[in-house]
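Protein chains get the first letters and strands the later ones, always in sequence-line order, with residue 1 at the start of each. Here the structure is a predicted model, which is why all the values come from computation and not from measurement.
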Protein chains: 2
Amino acid sequence: MKKTLKIVKVGGKLIEDENKLQAFLSDFSELEGLKILVHGGGNMATEIASKLGYETKMIDGRRITDANSLKVIIMTYAGLINKRIVAKLQALDVNSLGLCGADGRSIISKKREVKEIDYGYVGDIEVVNSDFISSILEQGVVPVFSAISCTREGELLNTNGDSVAAEIAKALSEKYNTELYYCFEKKGVLANSMDENSVIKTLDKKMYQDLLDQKAITDGMLPKLLNCFGALENGVKKIFLGDARVITENANATEIVK
Amino acid sequence: MKKTLKIVKVGGKLIEDENKLQAFLSDFSELEGLKILVHGGGNMATEIASKLGYETKMIDGRRITDANSLKVIIMTYAGLINKRIVAKLQALDVNSLGLCGADGRSIISKKREVKEIDYGYVGDIEVVNSDFISSILEQGVVPVFSAISCTREGELLNTNGDSVAAEIAKALSEKYNTELYYCFEKKGVLANSMDENSVIKTLDKKMYQDLLDQKAITDGMLPKLLNCFGALENGVKKIFLGDARVITENANATEIVK
């Protein structure tokens with residue numbers, strides 16, 4: 001029988017606030033069984049870029065990763081945030097290993113093609129090296145991924161953290177029963193974005209389509225949900241979205257079902 | 001029979017100059033057998049700290065690692081430099097894995113005690129996790145270490161890169177025939193620090209003592225050589241010091257012998 005593997009993505013304000021991060025990691029440390037953590041970078045990269053005098057370029061409200069942004073993203077995501085999380089987990093007696101996609105060729109991507117917009121150094125994931133990742137897991141070590149991937153030619157690329165988590169969950173579904181948890185600042189997917197307590201308990205594809213038609217789904221949630229349905233169709237067993245407590249109390253969150 | 005493991009430390013100007021780094025990594029990629037790379041950070045941390053408005057504190061000509069310096073060191077050493085080296089090695093078809101001492105509890109240290117000088121967040125190595133490191137090596141993956149260690153309590157600490165390399169070599173001597181290579185901007189240990197070509201071919205402890213008495217050994221070389229003799233006395237088989245070519249042509253370098 002396959003073992004269960006939990007893949008937890010944490011992002012946004014949970015990463016930026018030291019106390020919230022500590023509380024989250026403490027919950028994460030108590031999760032039983034095999035687990036992987038994927039983290040975003042919150043606003044730290046933007047703050048450091050601005051201190052270094054690098055302008056953050058936006059086109060149509062979307063961030064462009066130019067050479068300087070990439071440098072800052074590597075420093076903050078794969079450096080500061082990743083290593084601090086690993087050290088905090090060690091302190092919580094969780095033996096962990098910080099990774100970006102270049103490490104062990106764990107996440108190979110392709111630079112996004114330039115169509116209407118040139119997003120710069122941004123990668124779309126092609127292959128997740130599930131053999132390498134499972135070899136780490138089987139040693140009792142918890143992989144902690146920053147959202148950076150690498151091309152076959154050795155180019156580091158900024159990568160959507162939600163996609164990193166979903167692609168890892170999909171790739172590892174062959175070896176494990178994978179469960180995917182998205183932790184962010186909301187209690188789940190909201191039926192009404194103005195009402196924090198309008199959490200949808202169970203969201204299937206039809207309901208998702210209805211919400212899309214009503215324009216009830218906010219911008220940040222769209223790619224997250226697309227990732228979720230893609231993951232469910234590719235072997236991932238369970239998916240939950242919610243705040244930091246989603247990993248310990250699924251009940252207060254949104255479960256995504258087919 | 002034990003396999004041979006080469007531990008290569010690269011630092012100083014070899015890290016700062018993109019072309020020199022590329023040439024070095026290309027040589028490193030051609031080294032046969034098991035290998036580990038340890039890198040310093042050159043002046044990049046100082047430059048980034050200054051851009052971020054952090055003052056680099058010095059006491060008696062020695063750098064003090066305060067909280068801001070540590071932050072910058074984690075960003076640049078474990079982030080930017082480490083991940084760029086890993087990505088470049090992947091491009092050279094060397095499957096590598098970037099690590100700091102917190103990752104896999106690979107290098108556990110103790111914060112340096114405050115005596116006359118408080119060096120701040122600086123660690124002295126206590127334990128190298130040779131089981132974890134050899135498990136990576138035996139998968140055909142090359143560990144790439146940044147010079148950062150971690151206490152048992154999960155505190156990241158700035159650590160001397162030469163010591164990191166020496167301690168790894170010592171700890172892995174039980175499992176492998178270890179060879180230690182220090183690559184820097186000189187051709188080796190110089191008999192006369194004003195003459196770049198006065199490289200000493202073979203340096204033993206007695207000669208070292210004579211050079212010390214003559215005050216012929218420069219400041220940066222002192223801890224490096226102390227590390228070398230300590231390593232030889234603790235199982236390391238061969239030690240060479242030289243420029244980037246030391247890993248491919250031992251002949252043009254200094255060999256340290258008992």
Heavy atoms of other groups near [X] [atom1], more than 12 under 6.0 Å:
{"X": "Tyr121(B)", "atom1": "OH", "result": "no"}
{"X": "Lys13(B)", "atom1": "NZ", "result": "no"}
{"X": "Lys57(A)", "atom1": "NZ", "result": "no"}
{"X": "Lys111(B)", "atom1": "NZ", "result": "yes"}

Output every pair passing salt bridge (charged side-chain N to carboxylate O under 4.0 Å, His left out) with a member in residues 150-171 of chain B, not counting sequence neighbours, ordered by first then second residue.
->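 Applying salt bridge (charged side-chain N to carboxylate O under 4.0 Å, His left out) to every pair that reaches into residues 150-171 of chain B, excluding sequence neighbours, yields Lys9(B)-Asp162(B), Glu126(B)-Arg152(B), Asp162(B)-Lys224(B), Glu167(B)-Lys170(B).
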Name, in order of residue number, those residues of [range] that have a heavy atom at a distance of less than 4.5 Å from a heavy atom in chain A; otherwise write 'none'.
{"range": "residues 131-139 of chain B", "answer": "Phe132(B), Ser135(B), Ile136(B), Gln139(B)"}
{"range": "residues 77-87 of chain B", "answer": "Ala78(B), Gly79(B), Leu80(B), Lys83(B), Arg84(B), Val86(B), Ala87(B)"}
{"range": "residues 68-75 of chain B", "answer": "Lys71(B), Ile74(B), Met75(B)"}

Gln90(B) side-chain N/O to Ala102(A) backbone N/O, donor-acceptor pair under 3.5 Å |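 Yes; at least one donor-acceptor contact below 3.5 Å.
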With a 4.5 Å heavy-atom cut-off, do Asp103(B) and Val141(A) have their side chains touching?
->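 They are not in side-chain contact.
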Proximity breakdown for Ile48(B) and chain A, heavy-atom pairs closer than 4.5 Å | both
Heavy-atom pairs under 4.5 Å with chain B are the metric here; pick the option from Thr151(A), Leu97(A), Asp93(A), Leu99(A) that has the most.
-> Leu97(A)
Can you tell which of Cys150(B), Gly104(B), Ser106(B), Ser146(B) has the highest number of heavy-atom pairs within less than 4.5 Å of chain A?
-> Gly104(B)
